[in-house]
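In what follows, chains are A, B, ... by sequence order, proteins preceding strands, each numbered from 1.
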Amino acid sequence: DTGVSQDPRHKITKRGQNVTFRCDPISEHNRLYWYRQTLGQGPEFLTYFQNEAQLEKSRLLSDRFSAERPKGSFSTLEIQRTEQGDSAMYLCASRPGQGGTGELFFGEGSRLTVL
Amino acid sequence: SQQGEEDPQALSIQEGENATMNCSYKTSINNLQWYRQNSGRGLVHLILIRSNEREKHSGRLRVTLDTSKKSSSLLITASRAADTASYFCATDTGGGNKLTFGTGTQLKVEL
């Protein structure tokens, strides 16, 4: 068990470009969450998967954002036509579906800078 | 949206002193959790307190929960420089089991 891993850790892009982030959760965790965190703020919920099913999406997730978890393992978060306001840390977290203590296990995050 | 607000926003203390952070939230909860985040890193879970519990301890951490006031506090005793980090409370309201985070307290422990 190597924990939750995210890639890339840092991404600098120009406005209008598309970016994709990948998250590999802890292997036995079937719940996966994406959060966004801007400087000086707490993480804000974006979306949540149970296995491959996307069960909830925040209103923060505009139509430029799409997340997938095709085989119920890793997940991707794509942002199309990036805007400067998309600059943030994108955090992935996972937890077991049944049992466990309710805590989330976070990755180190993917920091996006849109120029 | 942020469920909780934390107070103070920033706290600076000397090593060995105790640090107290407070969290207020708005809706009924299943449990409340505290997380720590070092600068530029991910969040690490510290402690969870269920809605039917009033106090919980873990090492140098003590958490209290007052559901009538919709508030919680985190006490770190005998602080160390390595405790310097941001601390967030997070509430689990049961819907999808997602957590809703507060705005955080930035703690600095000076030698």
Closest contact, heavy atoms only, A:Gln37 versus B:Phe88: NE2-CZ, 3.5 Å
Can you tell me how far apart CG (B:Leu99) and CZ (A:Phe106) are? Round to the nearest 0.5 Å.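 One finds 6.5 Å between CG of B:Leu99 and CZ of A:Phe106.
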If you measure from CD on A:Glu103 to CG on B:Leu43, what distance do you get to the nearest 0.5 Å?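 The distance works out to 12.0 Å.
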Interface moiety of A:Leu55 toward chain B, non-hydrogen atoms closer than 4.5 Å: neither
Using non-hydrogen atoms only, which part of B:Leu48 is less than 4.5 Å away from chain A: side chain, backbone, both, or neither?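 Just its side chain gets close to chain A.
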Is it true that, when you exclude [X] itself, more than 12 heavy atoms of the residues, nucleotides or ligands shown sit nearer than 6.0 Å to its [atom1]?
| X | atom1 | value |
| --- | --- | --- |
| B:Arg60 | CZ | yes |
| A:Leu39 | CG | no |
| A:Gln54 | CD | yes |
| B:Gln9 | CD | no |
| B:Lys56 | NZ | yes |

Would you please test B:Thr103 and A:Gln41 for side-chain contact (heavy atoms from CB on, under 4.5 Å) and show each step? CA-CA 5 Å; B:Thr103 51; A:Gln41 298 296 312; 4.3 Å; yes
Is the distance from the ring center of A:Phe45 to that of B:Phe101 below 6.0 Å? no
Anything in residues 62-85 of chain A with a heavy-atom distance to chain B below 4.5 Å? Please list those residues in order.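 Against chain B, none of the residues of residues 62-85 of chain A fall inside the cut-off of heavy atoms under 4.5 Å.
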Under 4.5 Å between any side-chain heavy atoms of A:Tyr33 and B:Lys98, yes or no? yes
When hydrophobic residues are tied together by side-chain contacts of less than 4.5 Å, even through go-betweens, does A:Leu112 share a cluster with A:Leu60? yes
Are the side chain of B:Gln33 and the backbone N or O of A:Gly102 linked by a donor-acceptor pair below 3.5 Å? yes
